[in-house]
Amino acid sequence: MKKSIQITQLLALLISAMMLASCASLYIQNGKEAYDNLKYHDAIYYLNKGVAKKQDPDAVRKLGESYLKVNDFEHAASTYEQIATFTDNTDADRINQARALMGTERYSEAKTILEGIISRDAGNQVAKELLQSCKTVDKMKSDSLLYLVEPVNIPVLEAVFSPYPFNGGLIFSSPSGKGESDPYTDKSYTNLFFSKKEGASWTNPEPLEGVNGQYHDAVAAVSPSGQTLVFTRSFQLNGGALAGNDQRVSMTQLYTSKMGADGKWEKPSLVPFCDSKYMFAHPAFSPDGKTLYFASDMPGGFGEMDIWESQLSDNTWGTPKNLGGDVNSKGNEVFPTVKDENTLFFSSDAHESLGGLDILQSSRKNGVWENPVHISYPINTSTDDFGMVWNADGKGGYFTSDRYGSDKIYSFAFDDTRVTLNGLVTGKDSMLPLGGVRVTIKNLTDGTEQMVITDGDGKFTADLIKGKDYQMIADLEGYFKQTEPVNTKTGENPISKVIEMSEVYITDNKNGENGGNDGGNNGGNNGGNNGGGNNGENGSGTGKKGVYDLPEIHWDYNKWDIRPDAVPYLDNLVKLFKDNPDLKFELRSHTDCRGSHEYNDDLSAKRAKAATDYLVKKGVPRAIIVSKGYGERELLNECTDGVFCDESKHEQNRRTEFIVTGKKK
């Protein structure tokens, strides 16, 4: 009897395990089907239940990707931590993990993963772009003085996005809150709405009359004439039924509507170049209304969604043209807008980014759209930011962000107040003004440059953008190039800067090698060949023209280690050498008289090499610098063999200097 009970219990456990496995398989099957049909919320529900009971790496991957699709970066990051333990973990998995980490502002962890990818695949462009974002995140977050951002409180509606200024108000998109739900989002289909600003508040939104159907209608743009509306709509058959492509996915298309004589929008029609096999979305007009920009995954692009344009001819939109590989990447470029005929804004998840979709700006020069520039915080955040539109005055506008958990519209004001830079360039030793100096001022945010030339009084003036970091580069024949930083973030206006330039003397290093043999003992303090005369106009502590003394760099007795107190001065030398890569240098080191000549020659050579190695480690090209030890041949004072001197005088002789030996060919 007892044995019979045990068998029954065992069978019950087996049946229960089989039922659990069967349920898990069914959940995973349903989850994968939902994923394949782009129903990511359903996929998350089913896959979570399935993988909790059954191991299935493909299901876990689809779960991670589903979290990314719905911008749930926290759950995506934890899911990809699990995927990272799989033996078949791929670089595509790792890129997705990096995206999830960036979305939660864990940039250092993302950086480590991306560096690993690039070490194996140096040509992985997506990983390179994301890595650059991780490296520059502090700069992208700090540059925040140009924009004042405030939320736009549209009443009644919970989620609102893609605003477009029109007729004293905004056309925008929002879930309609009625009818059947979109199977992809589990929310009601979107409609186009209109709201006006009255005083400090906005009116209750009204559906855009004559446009909305029973499926998605969203992301609209109005032509400059105000007579044509183009918007994004779920593809529908003539009878109004929702239609899909070969994979039974309903791709959005572009539809257009004309303003009727009664002031209402007429029945929309499909834009001719659209194709239901592909997605078309996010229209924007050029200022003259003759070019239509939009996003599509149609063939001929560079990645997933690309930015395209179509020209209007004889009232018909022509064959679309891709905006090219500088604008478009291997990822998604979406939500294009234009400020003027040569300034394009769009969002991307593959260019430089703080995470999610970030807004970028591209300028057109000579008919070509250039590499985009990242718009800094507070416009962009680690979540999705998109759809930046400008008011007619060009001083502000609106954009969408889900920085607080759901899509909301924000207004921005652009403060382009210019900061005046008043500069003066002088000779470092003479302190006399230098005229004719070319001063290049480089904006370190976007790389743009302007050049000014000093007048006869050594003065120059430039207008700079508020809230930026700049670098000034002063260049005059016969002088060392000199770089100096300047920033416009302090509120100071105007800003005054003085640049001091040192003269360049090119020394025949062969003569330099023999000069020390003339007798360092005889110079004393009289400024002779080897004396310790005043640091005159030649920049030489030795009195020799073209020998540049570094009086702050000294060495401990019998050692060649770089002393901590020398580091700041060596760093100054790093800057000088890097500013002048067209010159060739010899770095020289000297000892005091104690020890044999042979020993001191060897010690000084080691010191010169130690200083040179430090410079090279800090980025000075080794090709422009050589090191040489001079031992005790060129003493600066009377402390020669047999003369008693205190330690401070011996330290004067343990010094470092450099000469310029020529220019690179």
Side-chain angles (χ1 to χ4, degrees), residues 139-155 157 160-173 194-203 205 221-222 224 284-285 287 335-347 354 356-363 372-404 406-420 443 445-446 448 463-470 487-495:
K139 183 185 78 172
M140 290 190 286
K141 279 191 169 185
S142 66
D143 190 14
S144 59
L145 297 181
L146 286 179
Y147 298 95
L148 175 65
V149 171
E150 294 182 344
V152 173
N153 296 312
I154 303 292
L157 300 175
V160 289
F161 62 97
S162 293
Y164 192 90
F166 175 69
N167 197 24
L170 290 176
I171 295 174
F172 56 88
S173 311
F194 179 78
S195 177
K196 272 194 172 183
K197 190 173 185 181
E198 294 183 349
S201 60
W202 292 80
T203 63
V222 181
F285 283 97
F335 295 99
T337 62
V338 292
K339 183 182 180 184
D340 54 56
E341 62 179 352
N342 292 314
T343 308
L344 173 77
F345 291 84
F346 63 96
S347 289
L354 287 169
L357 289 173
D358 270 22
I359 299 171
L360 300 104
Q361 174 189 339
S362 176
S363 298
V373 175
H374 184 267
I375 306 299
S376 297
Y377 180 88
I379 296 293
N380 283 315
T381 63
S382 61
T383 59
D384 283 347
D385 308 284
F386 58 94
M388 188 177 192
V389 292
W390 291 77
N391 295 326
D393 61 8
K395 295 182 179 180
Y398 303 89
F399 69 101
T400 306
S401 176
D402 70 346
R403 60 191 63 189
Y404 296 116
S406 64
D407 288 339
K408 296 290 184 183
I409 295 172
Y410 294 82
S411 67
F412 68 88
F414 180 67
D415 182 3
D416 64 347
T417 302
R418 296 287 165 158
V419 176
T420 300
N443 183 331
T445 301
D446 60 16
T448 57
D463 287 334
L464 308 182
I465 300 172
K466 180 181 176 182
K468 300 288 183 180
D469 288 308
Y470 289 87
N487 80 75
T488 56
K489 299 178 179 180
T490 63
E492 182 183 357
N493 193 5
I495 296 173

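Source: prediction; values computed, not measured.
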Quick one: closest heavy-atom pair of [X] and [Y], and the distance?
X	Y	result
Ser411	Val152	N-CG2, 3.6 Å
Asp393	Gly396	OD1-N, 4.0 Å
Ile465	Tyr470	N-OH, 2.8 Å
Ser162	Thr400	N-OG1, 2.8 Å
Pro336	Ala284	O-CB, 3.2 Å
Pro224	Pro287	CG-O, 3.1 Å

How long is the gap from [atom1] on [X] to [atom2] on [Y], to the nearest 0.5 Å?
X	Y	atom1	atom2	result
Lys468	Asn487	NZ	CG	12.0 Å
Asp358	Phe346	CG	CZ	11.0 Å
Phe172	Trp202	CZ	CH2	8.5 Å
Lys466	Thr490	NZ	OG1	10.5 Å
Ser363	Leu344	OG	CG	9.0 Å
Thr488	Asp469	OG1	CG	7.5 Å

Salt bridge (Lys or Arg N to Asp or Glu O under 4.0 Å) pairs, two or more places apart, involving residues 161-172: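 Those involving residues 161-172 do not exist here.
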Test side chain to side chain contact (heavy atoms under 4.5 Å, CB included) applied to Lys196 - qualifying residues, sequence neighbours left out: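 With sequence neighbours excluded, Lys196 shows a side chain to side chain contact (heavy atoms under 4.5 Å, CB included) to Phe194, Thr203, given in chain and number order.
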Centroid separation Tyr398 to Phe412 less than 6.0 Å: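 Ring centroids of Tyr398 and Phe412 are no less than 6.0 Å from each other.
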Heavy-atom side-chain contact between Asp340 and Trp390 under 4.5 Å: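 No, their side chains stay 4.5 Å or more apart.
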Beyond-backbone contact of Thr420 with Asp463, side-chain heavy atoms, under 4.5 angstrom: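 A side-chain contact under 4.5 Å exists here.
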So, [X] side chain and [Y] main chain: donor-acceptor pair closer than 3.5 Å or not?
X	Y	answer
Asn493	Arg418	yes
Asn380	Ile359	yes
Tyr410	Ile379	no

Taking distance alone, no hydrogens or angles, what donor-acceptor pairs closer than 3.5 Å link side-chain atoms of residues 382-389 to residues at least two apart or in another chain?
{"residue": "Ser382", "atom": "OG", "partner": "Glu105", "partner atom": "OE2", "Å": "3.3"}
{"residue": "Thr383", "atom": "OG1", "partner": "Thr381", "partner atom": "OG1", "Å": "3.0"}
{"residue": "Thr383", "atom": "OG1", "partner": "Asp402", "partner atom": "OD1", "Å": "3.1"}
{"residue": "Thr383", "atom": "OG1", "partner": "Arg403", "partner atom": "N", "Å": "3.4"}
{"residue": "Asp384", "atom": "OD1", "partner": "Leu357", "partner atom": "N", "Å": "2.7"}
{"residue": "Asp384", "atom": "OD2", "partner": "Asn71", "partner atom": "ND2", "Å": "2.4"}
{"residue": "Asp385", "atom": "OD1", "partner": "Thr381", "partner atom": "OG1", "Å": "3.3"}
{"residue": "Asp385", "atom": "OD1", "partner": "Ser401", "partner atom": "OG", "Å": "2.6"}
{"residue": "Asp385", "atom": "OD1", "partner": "Arg403", "partner atom": "NH2", "Å": "3.1"}
{"residue": "Asp385", "atom": "OD2", "partner": "Thr381", "partner atom": "N", "Å": "2.8"}
{"residue": "Asp385", "atom": "OD2", "partner": "Thr381", "partner atom": "OG1", "Å": "3.1"}

